[in-house]
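Quick caveat, the model's predicted, so the values are computed rather than measured.
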Amino acid sequence: MTDPRDERAERLKAALRQNLRRRKAQGRGRAEARPSPGADQSCARESDGSGPDSDKSGL
């Protein structure tokens, strides 16, 4: 009969390997889906005066 600790260790190893494979696949998916740097300018906010604070000059 095998030791329960050995069985648990084997299950843990298998789960960790599966988790690592899944995370690598997710990382590759994100890298492929991400546009090239500089192509996405939606994050860069520029103050063009049309924002909620644009009327402060009238104070």
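- The CG atom of L16 sits 10.5 Å away from atom CZ of R23, with the distance rounded to the nearest 0.5 Å.
- Applying side-chain contact (heavy atoms from CB on, under 4.5 Å) to K24 and the options Q26, R21, R28 leaves one that passes, R28.
- Side chains of K13 and E10 form a contact here, defined as non-hydrogen atoms less than 4.5 Å apart.
- The environment of CZ in R22 is crowded: more than 12 heavy-atom neighbours from other residues, nucleotides or ligands sit within 6.0 Å.
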